[in-house]
Every structure is written in structure tokens, then in C-alpha cells.
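What follows is a single structure, written as C-alpha cells, with notes after it.
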Amino acid sequence: ADKGVLEDVEQLQRLTEASRSAVRALVKESTNEDGRVESVNPIMRDVFSFFSGGSPWKKALSEAGFPECSEDDLKPLFAYLEECLKLIVCNNELSGLMKALDGGFIEPGPGGDPIRNPDVLPT
């Protein structure tokens with residue numbers, strides 16, 4: 001927590017920027033040349049990571065000044081973030097809109113916080 005200690009504030013800022021870089025690396029590997037996320041492919045990433053010395057997010061964290069982060073500790077978090085990205089990319093919104101324009105019934109989806117209930121994605 002920020003209690004006004006400059007070193008703590010700076011450390012929190014470094015952690016925030018490192019986290020953003022790691023998530024950016026996750027999204028970047030699934031982004032096409034037009035800058036759109038079309039699909040998430042962890043199999044190719046896992047093969048590439050094996051030969052290149054680590055996952056993109058581990059490399060991003062190391063470059064941001066946190067080389068001691070364990071790949072094993074990061075894997076569950078980024079597996080969850082990958083699932084969230086897959087749900088966002090699946091684009092169920094367009095099919096629902098088309099059904100509504102045709103006069104069909106759209107069943108309401110779950111609501112709430114995506115952290116507590118990932119089924120609410122995409123929002």
C-alpha cells in the first residue's frame with residue numbers, strides 16, 4: 001500500500017508497468033498484422049517458448065527488471081488470462097445482434113465480475 005514512502009511508490013509503479021508489459025506480450029502473440037486478435041494459440045507458443053528460453057510474458061517481466069519471476073508461478077495466471085482473451089475474441093455479440101434483428105429471442109447471459117465469474121465475458 002502507498003503510505004507516502006517514495007521507494008514504495010516507485011516499486012509499485014515498476015510492478016504496474018511490468019505487469020502491463022507482460023499482458024501486452026500475451027496479447028501481442030495472438031495479434032495479426034492488422035492489430036486484431038483473431039485466435040489464441042497456446043500450443044505454438046509453448047513450442048516456441050521451449051526453444052527460445054521462456055514465455056513472452058516471462059521475457060517481458062525480465063526486461064522490466066523482474067528476472068526472478070518463476071515461469072511455473074506465472075503459468076496459472078497467464079493460462080487464466082488466455083482463457084479470458086479467448087472468451088473476448090470468440091465474438092458471440094455479432095450472432096446475437098443478427099438474431100435480434102431477425103426478431104429472435106436473445107437469452108440473457110450471466111452478469112457480474114469477470115474475476116469471480118469468467119462466464120460473463122465478453123462484456
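- Nearest heavy atom pair, residue Ala25 against residue Ala60, reads CB-CB, 4.2 Å.
- Of all the heavy atoms in Trp57 and Leu26, the pair that sits closest is CZ3-CD1, 3.6 Å.
- For the side chain to side chain contact (heavy atoms under 4.5 Å, CB included) test, residues two or more places apart in sequence or in another chain that qualify with Ala64 are Ala18.
- Proximity of a side-chain donor or acceptor of Lys58 to a complementary backbone N or O of Pro67 within less than 3.5 Å is detected.
- Remark: Glu7 pairs with Val5 by the side chain to side chain contact (heavy atoms under 4.5 Å, CB included) rule, at least two apart or across chains.
- Not a single salt bridge (charged side-chain N to carboxylate O under 4.0 Å, His left out) links Arg14 to another residue, sequence neighbours left out.
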Check the pair Asp8, Leu12 against side chain to side chain contact (heavy atoms under 4.5 Å, CB included), reporting the backbone distance first and the verdict last.
-> CA-CA 6 Å; Asp8 293 346; Leu12 184 58; over 6 Å; no

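- Lys59 approaches Gly54 most closely through the heavy-atom pair CE-O, 3.5 Å.
- The side chain to side chain donor-acceptor pair (under 3.5 Å) search around Gln13 returns Glu17, not counting sequence neighbours.
- The CG atom of Leu61 sits 9.5 Å away from the CD atom of Glu63 when rounded to the nearest 0.5 Å.
- Taking every heavy atom of both residues into account, Cys69 and Leu74 meet most closely at CB-CD1, 4.1 Å.
- Residues satisfying the side chain to side chain contact (heavy atoms under 4.5 Å, CB included) criterion with Thr31, sequence neighbours excluded, are Val27, Val37.
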Can you check side chain to side chain contact (heavy atoms under 4.5 Å, CB included) on Ser55 and Glu71, steps first, answer last?
-> CA-CA 8 Å; Ser55 64; Glu71 187 82 52; 2.6 Å; yes

Begin from the C-alpha positions of Glu29 and Glu82 and carry the test side chain to side chain contact (heavy atoms under 4.5 Å, CB included) through to its verdict.
-> CA-CA 11 Å; Glu29 72 180 4; Glu82 248 176 15; 4.0 Å; yes

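- Residues meeting the side chain to side chain contact (heavy atoms under 4.5 Å, CB included) test with Leu15, sequence neighbours left out: Gln11, Phe66.
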